Structures are given as C-alpha cells and as structure tokens.
Amino acid sequence: MLQRLWTWMKAEDSRAEGDPRAPWRLFWVAFAIRVLYMTLAHTYRIRPFADHFQFGWEAGRIARALVSGHGYANPFQITFMGPTGPTAWVPPAYPLLIAGVFKFFGIYTSASAWVLLFINCILSAFTAMFVWEIAYRCYSRANAVWSGWLWALYPAAMQYAVRWIWEMTLTTFLFTFVLVLALRMRNVNANAADSTGPPNSSQTRHWLLFGLMWGVIALSTSTLLLFLPVCGLWILIGTWNRPHSLRNAILAGVVFLACLTPWEIRNYRVFHAFVPIRGNLGVETYLGNGPGSNGWVMVYDHPNMATNQFELYRQMGEVRYAKMRGDLARAYMRAHPGHFLANTIKRIYFFWVSVPSDAPWALELPRVISYSFISLAGLLGLGLALSRRVPASGLFAWIFVLLPLPYYTVFVQARFRHPLEPIITILAVYLFQSATRSRSRLRTA
C-alpha cells in the first residue's frame, strides 16, 4: 500500500524523464487540503474585534475605503476619531484584491473572507508545483518529490494560506514563480541532456514576463526588490550569448517601470512628493529602533494603537509624519549605536530561530523547534550546495543574504520569512538526501 502511494506521489507515469514540470496531482491535493481545512475549521470566520480590523488589517481598511467611495485611504484600526485621508502605507496589490472581493461579496463578510482564503489556497497550491520544479531543475527528481509534497502537506507551509488575509501567500507565489522563470531562462535542468536553451522568441516572452512579475512583486511587498538586480544579472550573464539578450533585459525593465508608474503618479499627485512604493518606512524604523525599543516592534506607539500618534498622523499627513518619525529614529540610532546593534542581533536571531510569543510553553516549544530546525537545515543545505557547485546555488545564497536585511534593521515577524521558505524546504531536503546517500555508500563500502 505504501509502495503504491509512493509511486503515485512520484508521478513517474505522468512526466517524461527530464521534464521538470510538476504533476497536477500535486496541485489538486495541496489545494483540496487547504480548502477543506479552511472551510471545516471555519478560519474564514474572523472576529469583528476593533471594527473588523483583523480582517486584512491595514489592507482591509484601505479596501473598505475604496469600495465605500473614499479612495485609497484610512488604513488604521482607530475609526471613532474620524478618517485620516489618502495613504501609501501599504502597496496597492493586495488592498486592490481585497477591494475587488468586497465589491462582489460584501465588506467584512464571511463570504468575502472565504473567497480571499480560497484564492490563498490556489496560490499556495501552485507554489507547491513551483517548489517541485525548482528542486527538479537544480537537484533531482527525488528532491522534487519530497520538497513538493512537503510544501503540499506540511501544516507550517499552509498556515498563512488558510488563516491570514494578508499578502504573504501572494508574495511567496510570485517570488517562487520568478525563480522558476529564472531557471527556465538559464535552462538549468540537472536531469536533462539538452542545455541549448529556448529560442529567442521564447526568451523575449520570458523577459517580458520577468519584468511583469517583478512589477507585481514590487506592488505587493517592495522589500523583495533587493533581490531584483541580482536575479536579472544572473539571467543576463547566463544568456549573454543568445541573440538580443541585452535588448530583452531592457524591455523587461521597461515593463517593470510601467507597472510602477501609475502608482507613483498617483502618489505624487496626492502627496506632492515622491513616495517610493510605500510610505511607512520612517514610522516602522522608529517603532523598531526608537527610545524604548528592545528588538520587538513597539506596537503600543503605532498610530493603530496610540490615539496621540493617530491624531498627530492625521494633522501632519502621512508623508510629513513618516519623515518626522524616520528622522527621530535615525538620530536616536546615531546617538546610541550600541543599542541599535543589540536590537539588530536580536532580530537576526528572531528571523532564523523564532520570534518569541506569549503562548504557553507547551505550544511555543514545538513551534520554536520546527521554525529553527528548518532554518538550520536550509542553511546547512545551502552550504553543501555551494561547496558542490550545484546549479543556481549562488543565486539562492543571495536570497538568504539580501531578503532578510530590511527586517534585521527594522523589525521581524515570523511571516516575513515565508517567501524564503520554499527554497529553505528544498535545501533542507537536499541536505538530508545527501546524508542518506553518504550513509548508503558507507554501508556498501
């Protein structure tokens, strides 16, 4: 029975040898499990606490303002003190998605929550297929089987998809797909003999899609843009000898900028200032590094929580308020570099080991063990892949270096690591499969 199940999971009957694409059975199983859990566990029934603020938090508030005719505005949970006006606090991709759902299924309704989590389930299931393809192209079919099915079935991999109305699942889907696209463009496939690469017409389409996907990523979570230059250069270096490579890369850049231009024009017209995608960096920097900070974000001083800060934000406007708090943060960091360094070390620990919570130790300990174990295994797997010069291991190393940097210096929550977790999963599987093969060779020696 187990052997038949394993054979079915490997899907050797549905994909030719050397074909890196994941079998659709992986998608359907991952999708069904997520939708069934979300529906049967009633995770779409979101508490109406603080006027439904937990329904999408700031993104939900902005979506409500959009649908109710107030524009892209009013991001905070404090509503009894009145509106705060236009905002760029959150990039527009996910608030616009929520607003679209609100338009058809109602503002803050259970039906809207179910639809949004249903969309999350689709995106997370597709991510499982991308995990399979990355693992297949860089490592082996066995790695693809284990990595893809781990993402499909492991509860920690699906937690944000089935519970959180926020952008993590969308961002992880987009980022993982971009990595698949990069590997396709470089024609990385460790299990295929042909390495000539796709024709130039296909390369042009791939570059245009690359620019489009990065544009959507920027409008979802702008922090991932640190990796864009590395990823683009990696592709360009590996495809330089193909016709029109530089032209195609420039076209991708044009598409990327075209995605951002309407949002930047809107921000300039509204705020009469250049706002680089989102306008809350100064505030978040202060909340993570200002007086009284200790590695955690000072939520009690956030305009969401503190009525005095809410009123100050409303009086000054978002741009001036964010600049004021950012200036205060930088001044304090310059005056107390040791304090900033201690906070940064804590945040590095939080990112890779676990962000402490106030849950009972019986619940907290398994979470910490799971979170830190997968981090350690992924990092060791990356080290092994680099030492063996596995294809794209250098690209993956840059992900580990660049993506956490903003969180080291501002503040960390466990959800911030989610876009890295598909790669961490693949590398962890690679580590243990390498150890298993080594033990097998020792036994036969």
Side-chain angles (χ1 to χ4, degrees), residues 1-38 40-41 118 120-163 168-169 172-173 175-177 179-180 183 188-192 366 369-371 373-378 380-382 384-385 390 392 396 417-437 440:
M1 180 66 180
L2 290 176
Q3 182 61 40
R4 291 179 62 186
L5 176 62
W6 177 243
T7 301
W8 183 83
M9 292 173 70
K10 289 193 294 183
E12 292 177 336
D13 58 329
S14 64
R15 285 285 178 263
E17 187 65 31
D19 187 347
R21 294 172 300 168
W24 277 99
R25 65 189 63 172
L26 176 64
F27 169 85
W28 289 114
V29 171
F31 171 70
I33 288 174
R34 284 156 173 75
V35 171
L36 284 172
Y37 177 84
M38 177 265 292
L40 297 177
F118 181 84
N120 278 357
C121 293
I122 294 174
L123 299 177
S124 184
F126 270 117
T127 302
M129 299 186 73
F130 300 152
V131 167
W132 171 297
E133 182 165 345
I134 293 170
Y136 192 104
R137 286 182 176 277
C138 297
Y139 302 99
S140 65
R141 189 187 191 99
N143 187 302
V145 173
W146 279 101
S147 300
W149 285 105
L150 270 175
W151 190 266
L153 303 175
Y154 188 48
M158 66 180 78
Q159 60 176 323
Y160 298 116
V162 299
R163 291 184 176 275
M168 291 87 68
T169 302
T172 303
F173 160 82
F175 186 67
T176 313
F177 177 64
L179 293 178
V180 168
L183 295 174
V188 173
N189 191 346
N191 300 281
I369 292 173
S370 172
Y371 190 96
F373 177 78
I374 189 67
S375 292
L376 179 61
L380 291 175
L382 175 64
L384 182 63
V390 174
F396 297 159
R417 198 187 72 171
H418 195 53
L420 283 76
E421 288 175 344
I423 300 301
I424 293 174
T425 300
I426 294 167
L427 291 167
V429 169
Y430 174 67
L431 175 72
F432 285 100
Q433 286 187 331
S434 299
T436 302
R437 286 194 295 269
S440 299

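Below, each value reflects all heavy atoms present in this structure, side chains not excepted, and no hydrogens, waters or symmetry copies. Everything numeric in this text was worked out from a predicted model, so none of it was measured.
Applying the salt bridge (Lys or Arg N to Asp or Glu O under 4.0 Å) test to every pair with at least one member in residues 120-135, sequence neighbours left out, gives these pairs: Glu133-Arg137, Glu133-Arg184. For residues 420-433, the salt bridge (Lys or Arg N to Asp or Glu O under 4.0 Å) pairs, not counting sequence neighbours, are Arg417-Glu421.
Partner Tyr136 forms a side-chain contact (heavy atoms from CB on, under 4.5 Å) with one of Asn189, Asp19, Asn143, Ile426 and no other, that one being Asn189.
Between Phe126 atom CZ and Thr169 atom OG1 the span is 14.5 Å, to the nearest 0.5 Å. Summarising the geometry, atom CD1 belonging to Ile424 is positioned 11.0 Å from atom CG belonging to Leu376; distances are rounded to the nearest 0.5 Å. Here Leu26 contributes atom CG and Ser147 contributes atom OG; the two are 10.5 Å apart, rounded to the nearest 0.5 Å. Of the inter-residue distances, the one linking Tyr154 atom OH with Thr425 atom OG1 reads 9.0 Å to the nearest 0.5 angstrom. Of the inter-residue distances, the one linking Arg34 atom CZ with Met158 atom CE reads 4.5 Å to the nearest 0.5 angstrom. In this structure, Ile134 CD1 and Thr176 OG1 are separated by 5.5 Å, a value rounded to the nearest 0.5 Å.
Looking at every heavy atom in both residues, Trp151 comes nearest to Ala157 through O-CB, 3.6 Å. Considering all non-hydrogen atoms of both residues, Leu183 and Ala392 come closest at CD2-CB, 3.6 Å. Closest non-hydrogen pair, Met38 versus Cys121, comes out as CE-SG, 4.4 Å. Listed here is the closest heavy atom pair of Leu431 and Ala377: CD2-O, 3.6 Å. Across all non-hydrogen atoms, the minimal contact from Val131 to Pro422 is CG2-CB, 3.6 Å. Here the shortest heavy-atom pairing between Leu382 and Leu427 reads CB-CD1, 3.8 Å.
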Practice task
List the steps, then state whether side chain to side chain contact (heavy atoms under 4.5 Å, CB included) holds for Phe175 with Leu420.
Solution key: CA-CA 9 Å; Phe175 186 67; Leu420 283 76; 5.9 Å; no
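With sequence neighbours excluded, the residues forming a side chain to side chain contact (heavy atoms under 4.5 Å, CB included) with Leu153 are Val29, Ile33, Trp149, listed by chain and number. Every residue meeting the ring pair (Phe, Tyr, Trp, His ring centres under 6.0 Å) condition with Phe118, not counting sequence neighbours, appears here in chain and number order: Phe31, Trp114. Residues passing the ring pair (Phe, Tyr, Trp, His ring centres under 6.0 Å) test with Phe130 are Phe173, Phe177, sequence neighbours excluded. Looking at residues two or more places apart in sequence or on another chain, you find no side chain to side chain contact (heavy atoms under 4.5 Å, CB included) involving Ala32.
Here the side chain of Arg163 pairs no donor or acceptor atom with the backbone of Gln159 at under 3.5 angstrom. A donor-acceptor contact shorter than 3.5 Å is absent between the side chain of Ser124 and the backbone of Asn120.
Contact check for Gln433 versus Ser140: side-chain heavy atoms found under the 4.5 Å cut-off.
Aromatic ring orientation, Tyr430 versus Tyr139: tilted (interplanar angle from 30° to 60°).
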